[in-house]
Trainee: 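Here's a structure for you.
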Amino acid sequence: MRVDLEPMRDLAHRLGDPHNSFRIVHVAGTKGKGSTCALIEAGLVRAGFSVGRYASPHVMHITERVSIDGRPVGEERLADALGAALAAFKDARREATDGQGATWFDILTVSALLIFSLEGVEWAVLETGLGGRWDSTNIVQSDVAVITNIDLEHTEILGKTRAAIAFEKAGIIKRGATVVTLLPEADEAGAVVSARAEELGSVVRRPTVSADATIEQRNVAVAGAVLDVLGKMGVMTKGASAMSEPLGEQLLDPSTIEAARLPGRLEKLAVNVTSPGDNAKVNVVLDGAHVPFNLAAVLSDLSQDEKYRAPCIAVMSIAEDKDAAGLLSTMTRHDISIIFTTAGARSRSPEQLKTIADTLGLLSMVMLDPLEAYQEALAGATESGAWVLVTGSLYLVGIIRAA
């Protein structure tokens, strides 16, 4: 992560500053960003607006990162925008301006902004890639800044404490914008957000959620609060079929929430497993949780459902820069055995993970091929009546989901 937005500003300026042609909700946080963005997008679409959403990472295909009205853009559309962004990058290199220092994420981000401008969207919901203050998305002026939550992640870049990380993520707050967060003011990270908001003359809105609220309930509360804020700012629903009314959380009805579900986030499947002389269904959950507090929340949410109270067989890959010991410690509180596997070059050695699991008393094994690991988990679940969890990495989820 560089500490300079000038390369991104240079590229955007060469492409006509596309981010100035629509209004923006900007979302940062440790976890829940993607689902919260999808919910805000779905609410705005239901209100009658044309909406762009920029997200990361993708699970199965890069076009998932850029969507219009809830649907990923086509490959050709994204390719055209990337071509324009790369041409701007080439010009910047030839002229030796700031844009010559652009990153791959800058190129992709400015391509998304260009698509939104050319498609004439009225609103864009932008998810930060890393941090906030120096993130490629932070050249924009937003109406609402969202900070979902703060926990320790990317500490080598963002800082070693929650307060330090909150400072980076609070960098998306713009003067006069409303801030929506679940972080209490008394919390060390919440205090940092409040201080930055006060400095910029921004109001902080904290929706109320119960202590035992599920991940989805928290995300819906944040997205609903954003829609309420926009309604209070005078943003009205559109369309000839009904009387116009201020935006609000009422837009997030069950069907809208269902339409906003993203792949690989608490995605529940009943998978048919065929074996000689027998057919069985195995309950499978795909969730790319890769920080301890998020995995703990996933397991807590699932434990409220009877069919996920049985023993679990997890298929798991963890990247080198993630807190493997913290993730695996979380799993010791549940009846889980693990098959460690790989999901690309950034994966930590499964053998190393097994060593950590052994010290924690977790039953585990290693299968390097992720599809073989998944099939082994299904076979084991069929025999024992267990359910299967694929977790630790969205890249792993993507591999399994594609199969």
Trainee: Looking only at the side chains, is there a donor atom on one of Thr36 and Thr148 sitting less than 3.5 Å from an acceptor on the other?
Mentor: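 There is no such pair between these side chains.
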Trainee: Of all the heavy-atom pairs spanning Ile147 and Ile150, show the shortest one and how long it is.
Mentor: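 Nearest pair, atom of Ile147 first, then Ile150: CG2-CD1, 3.9 Å.
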Trainee: Could you tell me whether Tyr395 atom OH has more than 12 heavy atoms of other residues or ligands within 6.0 Å of it?
Mentor: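 No - once you tally the heavy atoms of other residues, nucleotides and ligands closer than 6.0 Å, there are 12 at most.
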Trainee: Measuring only between side-chain heavy atoms, which start at C-beta, is Val235 closer than 4.5 Å to Pro246?
Mentor: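 A side-chain contact is absent here, since even the closest heavy-atom pair is not under 4.5 Å.
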Trainee: Could you check whether any side-chain N or O of Glu258 sits under 3.5 Å from a backbone N or O of Ser255, counting only pairs where one atom can act as donor and the other as acceptor?
Mentor: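 A pair under 3.5 Å: no.
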Trainee: Under 3.5 Å, side chain of Asp10 to main-chain N/O of Gly99, donor-acceptor pair present?
Mentor: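 Present.
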Trainee: Taking the side chain from Glu249 and the backbone from Leu227, do they hold a donor-acceptor pair closer than 3.5 Å?
Mentor: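 Answer holds: no.
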Trainee: Determine whether more than 12 heavy atoms belonging to other residues, nucleotides or ligands lie under 6.0 Å from atom CD of Glu198.
Mentor: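 No, not enclosed.
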Trainee: When rounded to the nearest 0.5 angstrom, what distance separates CZ in Arg205 from OG1 in Thr181?
Mentor: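 Going from the CZ atom of Arg205 to the OG1 atom of Thr181 covers 12.5 Å.
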Trainee: Over all heavy atoms of both residues, which pair between Val110 and Leu11 is shortest? Give the atoms and the distance, please.
Mentor: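 Closest pair (atom of Val110, atom of Leu11, distance): CG2-C, 4.2 Å.
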Trainee: I'd like to know whether Ser347 forms a side-chain hydrogen bond (donor to acceptor under 3.5 Å, both in side chains) with Ser317, so could you lay out the CA-CA distance, the side-chain angles of the two residues, the decisive distance to 0.1 Å, and finally the verdict.
Mentor: CA-CA 6 Å; Ser347 297; Ser317 174; 3.1 Å; yes
Trainee: Taking NZ, NE, NH1 and NH2 as the nitrogens, is one of them in Arg162 or Asp187 under 4.0 Å from a carboxylate oxygen of the other?
Mentor: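 Judged by the 4.0 Å cut-off on N to carboxylate O distance, Arg162 and Asp187 do form a salt bridge.
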Trainee: Can Arg261 and Glu216 be counted as an ion pair, charged N to O under 4.0 angstrom?
Mentor: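 So Arg261 pairs with Glu216 through a salt bridge.
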Trainee: Quick check: do Leu5 and Asn138 have side-chain heavy atoms less than 4.5 Å from each other?
Mentor: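 A side-chain contact under 4.5 Å exists here.
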Trainee: Can you tell me if Thr128 and His26 form a side-chain donor-acceptor pair at under 3.5 Å?
Mentor: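 No.
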Trainee: Please answer whether the main-chain N or O of Glu6 pairs with a side-chain N or O of Asp98 as donor and acceptor at a distance below 3.5 Å.
Mentor: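 Pair absent, no side-chain N/O of Asp98 close to backbone of Glu6.
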Trainee: If you look at every heavy atom in Ala377 and Val315, which pair is closest and at what distance?
Mentor: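 Heavy atoms only, the tightest pair is CB-CG2, 3.6 Å.
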Trainee: Backbone N or O of Gly344 within a donor-acceptor pair of the Thr342 side chain at under 3.5 Å?
Mentor: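 Not at all, since once roles are kept as given, no pair shorter than 3.5 Å links the two residues.
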Trainee: About how many Å separate CE of Met8 and OG1 of Thr137, when rounded to the nearest 0.5 Å?
Mentor: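 Thr137 atom OG1 to Met8 atom CE measures 8.0 Å (nearest 0.5 Å).
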Trainee: Please answer whether the main-chain N or O of Ala85 pairs with a side-chain N or O of Ser111 as donor and acceptor at a distance below 3.5 Å.
Mentor: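 Side chain of Ser111 to backbone of Ala85: no pair is present.
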Trainee: Hey, could you give me the CZ/CZ distance between Phe105 and Arg65, rounded to the nearest 0.5 Å?
Mentor: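 Here the interatomic distance stands at 6.5 Å.
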Trainee: Under the 3.5 angstrom rule, does the side chain of Thr355 hit a backbone N or O of Glu351 as a donor-acceptor pair?
Mentor: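 Pair found, side chain donor or acceptor close to backbone of Glu351.
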Trainee: Can you give me the closest heavy-atom contact between Pro350 and Leu368, atom names plus distance?
Mentor: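 Heavy atoms of Pro350 and Leu368 come nearest at CG-CD2, 3.8 Å.
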Trainee: Could you go through Phe293 and Thr30, starting from their C-alpha distance and side-chain angles, then the distance that decides it, and tell me whether this counts as side-chain contact (heavy atoms from CB on, under 4.5 Å)?
Mentor: CA-CA 10 Å; Phe293 93 93; Thr30 301; 3.8 Å; yes
Trainee: Are the side chain of Arg265 and the backbone N or O of Pro263 linked by a donor-acceptor pair below 3.5 Å?
Mentor: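 Such a contact is found between Arg265 side chain and Pro263 backbone.
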Trainee: For Ser202 and Lys174, indicate whether the former's side chain and the latter's backbone hold a donor-acceptor pair under 3.5 Å.
Mentor: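 At least one qualifying donor-acceptor pair exists.
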Trainee: Closer than 3.5 angstrom, by distance alone: can the side chain of Asp253 be matched with the main-chain N or O of Thr256 as a donor-acceptor pair?
Mentor: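 Checked: pair present.
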Trainee: Nearest 0.5 angstrom please: Leu394 CG to Met60 CE, how far?
Mentor: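 The CG atom of Leu394 sits 12.5 Å away from the CE atom of Met60.
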Trainee: Are Asp287 and Val397 close enough that some pair of their side-chain heavy atoms sits under 4.5 Å apart?
Mentor: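 In short, these two side chains do not touch, never coming nearer than 4.5 Å.
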Trainee: Assess whether atom NE2 of His13 is packed by more than 12 heavy atoms of other residues, nucleotides or ligands within 6.0 Å.
Mentor: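 Not more than 12 within 6.0 Å, no.
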Trainee: For a quick test of reading the model, state the closest non-hydrogen atom pair linking Arg206 to Gly190 and the distance between them.
Mentor: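 Looking at all heavy atoms of both residues, the closest pair is NH2-O, 3.4 Å.
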Trainee: Quick one: does Val226's side chain get under 4.5 Å of Val146's, heavy atoms only?
Mentor: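 A side-chain contact under 4.5 Å exists here.
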Trainee: Would you please say whether a donor-acceptor pair under 3.5 Å links the side chains of Ser67 and Glu41?
Mentor: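 There is such a pair (donor and acceptor under 3.5 Å, judged by atom type) between the side chains of Ser67 and Glu41.
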Trainee: Check the side chains of Asn149 and Lys33 for a donor-acceptor pair under 3.5 angstrom, ignoring hydrogens and angles.
Mentor: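 No, no side-chain donor-acceptor pair sits under 3.5 Å.
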Trainee: Leu113 versus Leu126: any side-chain heavy-atom pair under 4.5 Å?
Mentor: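 Yes - at least one pair of side-chain heavy atoms lies under 4.5 Å apart.
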Trainee: Does some side-chain heavy atom of Arg196 sit less than 4.5 Å from a side-chain heavy atom of Phe167?
Mentor: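 Contact flag for Phe167/Arg196 side chains = no.
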Trainee: Check whether any side-chain heavy atom of Phe116 sits under 4.5 Å from a side-chain heavy atom of Pro18, and report yes or no.
Mentor: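 They are not in side-chain contact.
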Trainee: Going by distance alone, is a donor N or O of one side chain under 3.5 Å from an acceptor N or O of the other, for Thr109 and Asp106?
Mentor: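 Judged by distance alone, the side chains do not pair up.
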Trainee: Drop me the distance from Leu114's CG to Leu118's CG, to the nearest 0.5 angstrom.
Mentor: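 It is 4.5 Å, given to the nearest 0.5 Å.
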Trainee: Is there a side-chain contact between Lys281 and Val271, using heavy atoms and a 4.5 Å cut-off?
Mentor: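 The answer is no, as the side chains (C-beta and beyond) never meet within the 4.5 Å cut-off.
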Trainee: Under a 4.0 Å N-O cut-off, is there an ion pair linking Glu168 with Arg133?
Mentor: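 Salt bridge flag = yes for Arg133 with Glu168.
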Trainee: Measure across Phe49 and Lys238 and return the closest heavy-atom pair with its distance rounded to 0.1 Å.
Mentor: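 Nearest heavy atoms, Phe49 then Lys238: CE2-CD, 3.4 Å.
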Trainee: Check this for me: does any side-chain nitrogen of one of Glu267 and Arg401 sit under 4.0 Å from a carboxylate oxygen of the other?
Mentor: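 Yes, this pair counts.
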Trainee: Salt bridge between Asp321 and Arg346, side-chain N to carboxylate O under 4.0 Å?
Mentor: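 Yes, charged N to carboxylate O under 4.0 Å.
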Trainee: Does the pair Thr341 and Val366 meet the rule for a side-chain contact (heavy atoms from CB on, under 4.5 Å), with working shown?
Mentor: CA-CA 6 Å; Thr341 189; Val366 169; over 6 Å; no
Trainee: Sequence neighbours left out, cut at 3.5 Å: what donor-acceptor pairs do the side chains of residues 305-312 make with other protein atoms?
Mentor:
{"residue": "Asp305", "atom": "OD1", "partner": "Lys307", "partner atom": "N", "Å": "3.1"}
{"residue": "Glu306", "atom": "OE1", "partner": "Arg309", "partner atom": "NH1", "Å": "2.8"}
{"residue": "Arg309", "atom": "NE", "partner": "Ser303", "partner atom": "O", "Å": "2.8"}
{"residue": "Arg309", "atom": "NH2", "partner": "Gln304", "partner atom": "O", "Å": "3.2"}

Trainee: Show your working on side-chain contact (heavy atoms from CB on, under 4.5 Å) between Ile339 and Ile313 and close with a plain yes or no.
Mentor: CA-CA 7 Å; Ile339 304 175; Ile313 302 174; 4.1 Å; yes
Trainee: Should Leu327 and Met316 be marked as a side-chain contact (heavy atoms from CB on, under 4.5 Å) after you check the CA-CA gap, both sets of side-chain angles, and the distance that decides it?
Mentor: CA-CA 10 Å; Leu327 284 162; Met316 194 170 197; 4.2 Å; yes
Trainee: Quick one: pull up OG in Ser35 and CD1 in Ile257 and give me the separation to the nearest 0.5 Å.
Mentor: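 Atom-to-atom, Ser35:OG and Ile257:CD1 are 11.5 Å apart.
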Trainee: If you look only at distance, which donor and acceptor atoms sit under 3.5 Å apart when one is on a side chain in residues 69-82 and the other is two or more places apart or in another chain?
Mentor:
{"residue": "Asp69", "atom": "OD1", "partner": "Val51", "partner atom": "N", "Å": "2.7"}
{"residue": "Glu75", "atom": "OE2", "partner": "His61", "partner atom": "NE2", "Å": "2.8"}
{"residue": "Arg77", "atom": "NE", "partner": "Glu119", "partner atom": "OE2", "Å": "3.2"}

Trainee: Please determine whether a side-chain nitrogen of the Lys or Arg among Glu95 and Arg14 lies less than 4.0 Å from a carboxylate oxygen of the Asp or Glu.
Mentor: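 The answer is yes: the pair qualifies as a salt bridge.
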